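The structure presented is a predicted model; accordingly, all values stated were derived computationally and were not measured.
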Amino acid sequence: MLRFRVTECARVSEHFVCLLDPAERVTSWSREAERLTGHTADDVVGSPFSGLFLVSPPASAAATHAPGGHVGVFVRQDGVHLCVRVRRHALSGRRADIDVPVTVAIAQDDPDAASQGGAELYGALDALPDGIALFGADEGLLHYNMRFDALIGRVEDGLKPGAPARTILAALTCTEWTTEETARPIVPKGWSTEILRLGRTLALSWISLQDGRFLLLCRDVTDLRRLENRTRFLEQHDDLTGLANLQGLRLQLGTLCERASGSFAVLYFDLFGFKRINDSMGHAAGDELLRIAALRVRRTVGVGDTAAHIRGNKFALILRSEQGDQAIRRFARMLRSVLSRPMSVFKHEVTVGVAIGVVRFPTDGDDRDTLMSKADVALHCAKGGIDDGICFYDPERDSLRQRRMDLERDLHHALARDEFILLYQPFLNVRSGRIVGVEALIRWRHPKQGLIPPGDFIPVAERMGLMHEIGAWTLETACRQAKDWPDDIMVSVNVSAAQFRHDGLIDNVEAALQRTGCPPSRLELEITETAMIDDVPRAACVLKRLREQGIQIALDDFGTGYSSLSFLHSLPFTRIKIDRSFVNDLHGGEGDGAAIIRAITGLCGSLNVVATAEGVETQEQFDYLKGINCSEIQGFLISRPCPAEEIGPFVEKINRPDLPR
């Protein structure tokens, strides 16, 4: 316990008044109390009085109710010590009892500052921040403070001494207060209510004192109620747009589904171009765009419809004003048109695109979560360009989406589970009749779906950002398996667009060659035009570094992209692969494919680059290609893709000099 001599503490000539309940908890805290103690009303109201500050030595309840109060040392919030006298004024007049409420005063340590009876009690009431009116046992008005007068204003017959409580309450609550039993009190015990008075919200409570008197407390709770209403609003509404938020949407949907009072539609829609505007013009511009879009949405909806801003550029709409698929689609088209019109954002004209997914209750689902999930599926389809940006939920499309999601999930674990394999397809030198190399073709050996071709999973892997890891595995595996074949057999590995654009490609190639011991001259990288066309100078730099190490470079699918002589001249290709579509279009040398192949082989001869035709399946195609001096061929006519262990025996069989050509 802290002990101080009275002579060592500061002296104070001020006092404050607060109000306690029977459990010694503070129910009202004046501005003077805040200033003298350092505690705010928010910190104090509802807390035990004894725990707010220290009085040393402690006083018994009887001592603080004594006429002179209790003298001691008060330690303030900031550590300042004050000589004080604590006195309690029981409103019932019974000092030995703790009544409801009780006033507490801390004043100067002055023996003359004794209780002044009723006058001092009324002074204590006047110091309180809440409105208080004291009534006698006959329920006639005895006293009210200035705050009470300011809060309730003019009442019928005025606030006169002896004015009946029923008259004042009737004027405040607009209710007649009568009772048939004379012994029964006018106001029920524990009664409280809230009223609107002079544009403010007032909380009234009626308290019975032990000596038969009554207290009417009046507290201004306007700001508190506004804060509570604002909090409730924000729980279900978006502060930026004023529309319902995700929580509000879920609550409204849940209510409509439970009532099942009629059909309705849910529209999910995205604003394309929002991220571009947000990134280029700043978040303030993005917020302004969302506010404009929300205003346009609000103007399109009918009575009973609910618009919501879910997050970012995503909105939702519960549409009850339109029924039937045709009417819903017309509304969706109108909504797209309204939102696609130019918007003025900080004096800049901007536009956005809109995709809308639609579900219907109860056709597509009869509960909230099902509808929201399927609306998201429909929006996904709409964003894919289906049905001119407006897509109704379709179970078949949902099934395809689910299979795609399953594929993505399994693809995440395919490398770790060693589910990828490489097959190899040889290519033959037309002039010598020998196998000179093989192309590595990746397959996914799915545990349930079997072998999945690269066209089905490579685009998915690129979207998921997995091609760098898959490409690194393919390079190292192909180089390692090539070590088991004859030294003059080259292995060609495809490099995807995502892999080529990754800064780690050269490091991956060097690491694969170093770990496997495969000579760089035996490795060829096949790269498509589309992987390089976006940044030809960078592509030239990367390919030059690879060629300097002795690695061969093939241009894959030539003729199907953006081929140009300047493109070929600026990049160090050692091979050009003629796409199989031209081979299929040979038609005995009379088709368009034949003319294109003749031009490509002539170009390759001029550039001293090997020309390899893909997809050769017939002897007729082989003979034509040989006749126009195509360097190499690859296709089912020579061999189908086969496992690594079959390449050695196949090459030995074809390349043995004693076998007829």
A.B. asks: For residues 348-358, tabulate all N or O donor-acceptor pairs below 3.5 Å that involve a side-chain atom, not counting sequence neighbours.
C.D. replies:
none

A.B. asks: When you compare the side chains of Asp410 and His446, does any donor N or O come within less than 3.5 Å of an acceptor on the partner?
C.D. replies: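 Yes, because at least one side-chain N or O of Asp410 sits under 3.5 Å from a partner of the opposite role on His446.
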A.B. asks: May I ask you to decide whether Arg298 forms a salt bridge with Asp305, counting only side-chain N to carboxylate O separations under 4.0 Å?
C.D. replies: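 Salt bridge between Arg298 and Asp305, a charged N being under 4.0 Å from a carboxylate O: no.
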A.B. asks: Verify, without hydrogens or angle tests, whether Asp364 (side chain) and Val359 (backbone) share a donor-acceptor contact under 3.5 angstrom.
C.D. replies: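 Side chain of Asp364 to backbone of Val359, a donor-acceptor pair under 3.5 Å: no, none is there.
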A.B. asks: Using modelled atom types and a 3.5 Å cut-off, is there a donor and acceptor pairing between side-chain atoms of Glu652 and backbone atoms of Gly648?
C.D. replies: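 No, the answer is negative, given that no donor and acceptor are paired below the 3.5 Å cut-off.
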A.B. asks: Under 3.5 Å, is there a donor-acceptor pair between the Glu645 and Gln481 side chains?
C.D. replies: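 Glu645 vs Gln481: no donor-acceptor pair found between side chains.
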A.B. asks: Is there side-chain contact between Arg640 and Gln425, with heavy atoms separated by less than 4.5 Å?
C.D. replies: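 When only atoms from C-beta onward are counted, Gln425 and Arg640 do not touch, as no gap falls below 4.5 Å.
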A.B. asks: Tell me, please, which residues at least two apart from Arg445 pass salt bridge (Lys or Arg N to Asp or Glu O under 4.0 Å).
C.D. replies: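 Result, salt bridge (Lys or Arg N to Asp or Glu O under 4.0 Å) vs Arg445: none returned.
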A.B. asks: With a 3.5 Å distance limit and no angle check, can you tell me whether Asp556 reaches the backbone of Thr528 through a side-chain donor-acceptor pair?
C.D. replies: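 It does not hold such a pair.
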A.B. asks: For a salt bridge (charged side-chain N to carboxylate O under 4.0 Å, His left out) check, start with the C-alpha distance between Asp279 and Lys275, then their side-chain angles and the critical distance, and finish with the verdict.
C.D. replies: CA-CA 6 Å; Asp279 292 344; Lys275 186 177 186 303; 2.8 Å; yes
A.B. asks: With distance as the sole criterion, is a donor-acceptor pair present between the side chains of Gln634 and Glu439 under 3.5 Å?
C.D. replies: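 A donor-acceptor contact under 3.5 Å links the two side chains.
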A.B. asks: Which of parallel (below 30°), tilted (30 to 60°) and perpendicular (above 60°) describes Phe420 and Trp444?
C.D. replies: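 It falls in the tilted class, 30° to 60°.
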A.B. asks: May I ask you to check whether Glu646 and Tyr424 show a side-chain donor-acceptor distance below 3.5 Å?
C.D. replies: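 The criterion, which ignores hydrogens and geometry beyond distance, is not satisfied for Tyr424 and Glu646.
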A.B. asks: Regarding Asp238 and Thr241, do their side chains bring together a donor and an acceptor under 3.5 Å, going by distance alone?
C.D. replies: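 Side-chain D/A pair, Asp238 to Thr241: present.
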A.B. asks: Working to the nearest 0.5 angstrom, can you tell me the gap between Leu319 CG and Leu335 CG?
C.D. replies: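 It comes to 9.5 Å.
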